[in-house]
Protein chains: 2
Amino acid sequence: MAAVDLSTHPGHLARRLQQAHTLLWTTMVSEETTSPQFAVLNALVEKPDIDQRTLSEHVHLDRSTIADLVARLGRRGLLERVRDPRDGRRNVLKLTDEGAAVHRKLVTRTARMNKVFLAPLDEGEQETLLRLIGRVADAAEELRG
Amino acid sequence: MAAVDLSTHPGHLARRLQQAHTLLWTTMVSEETTSPQFAVLNALVEKPDIDQRTLSEHVHLDRSTIADLVARLGRRGLLERVRDPRDGRRNVLKLTDEGAAVHRKLVTRTARMNKVFLAPLDEGEQETLLRLIGRVADAAEELRG
DNA sequence: AGGAAATAGTCAGTGCACTGAGCAACTCGC
DNA sequence: GCGAGTTGCTCAGTGCACTGACTATTTCCT
């Protein structure tokens, strides 16, 4: 069996895309706060005081990953975990002032970075790319919702 | 500062795409052999007896990651690492018969999986998606080649 | 030939991401 | 109101992926 051309394999391309993104992120956005961490901060700005389960659905990460991630952000003082008095299973997540400040700073930087990242495509292509990735990801998540 | 819509962020979408792909891979292709591992096997079918450095360029992974990955494949008997007698720094990688057999088996399965993965898009859109991702990834890799 | 620079690989450390097992707390049905 | 099932979280284990520091080998320049 001959070798296959990986440039026609969406999984391989997805990995390369994410890898390229991570590299650009650390140089243009932040060395301390990663892209998934920003996603968590952003979700907490949008919906304050949610629990980890709800958060994990919002950012599309599983509960174990969220637990690690939130613990790291907690250690850096960007958020607090408070046991829900109404429901003792839940950790209610509260963004600290510092967490909100970090989010504010990164919002502008990510916007700048996204421009650079997508610069090789014209505006129509950029819109197409985002829409097509979204459709494939949505459909796949549907399968194992 | 208000929250941002992550569905317009290519990095977030890239992560979701890769995540969806990984999930489908483990159910449709293999539970033991991951997609990056398949990329390595495939590279060794295409170019036998290369060293880890060359391999890392082919599959777009850095040398530490390759070392781990190759060690795992070696432990499973899918390849062998031989010190190059011509150049004592190099590990020459040799696919075993079993490694070649695993590759053969996975080639057909990945083809099937890619079809399912991209099924939400029509044929033209599929081609567009792969091409656009490729261009963005290539350009970003160019920056820090 | 002999020392400086480049190259291949390893190792430690950090972070993302998943599964599967297990625990504590809540809800529902009777 | 009590037991069964569900839900939220944690923990251990594995694998991907990077940086930065280090070792060993080769190459290149004088």
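Lettering follows sequence order; numbering is per chain, from 1. Just so it is clear, the structure is predicted and the values come from calculations on it, not from any experiment.
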Would you tell me whether B:Gln37 and B:Arg76 have side-chain atoms, one donor and one acceptor, within less than 3.5 Å of each other? yes

Looking only at D:dG8, C:dA17, D:dA17, the nucleotide nearest the A:Thr65 side chain is C:dA17

Against the side chain of A:Asp62, the closest entry in C:dT19, D:dT10, D:dC18 is C:dT19

[X] near the nucleic acid: base, sugar-phosphate alone, or nothing, with a heavy-atom cut-off under 4.0 Å?
{"X": "B:Arg16", "answer": "nothing"}
{"X": "A:Asp51", "answer": "sugar-phosphate"}
{"X": "A:Leu23", "answer": "sugar-phosphate"}
{"X": "A:Arg90", "answer": "sugar-phosphate"}
{"X": "B:Ile66", "answer": "nothing"}
{"X": "B:Thr34", "answer": "sugar-phosphate"}

Does D:dC18 have its OP1 or OP2 closer than 4.0 Å to a side-chain nitrogen or oxygen of A:Gln19? yes

Is the shortest side-chain N/O distance from A:Arg89 to OP1 or OP2 of C:dA25 below 4.0 Å? no

Which sits closer to the 5' end of DNA chain D, B:Leu69 or A:Asn91, going by the nucleotide each is nearest to? A:Asn91

Kindly indicate whether the side chain of A:Thr22 and the base of D:dC18 share any N or O donor-acceptor pair separated by less than 3.5 Å? no

Salt-bridge present (B:Asp87, B:Arg90; N to O < 4.0 Å): yes

Lys/Arg N to Asp/Glu carboxylate O, B:Arg89 vs B:Asp51, below 4.0 Å: no

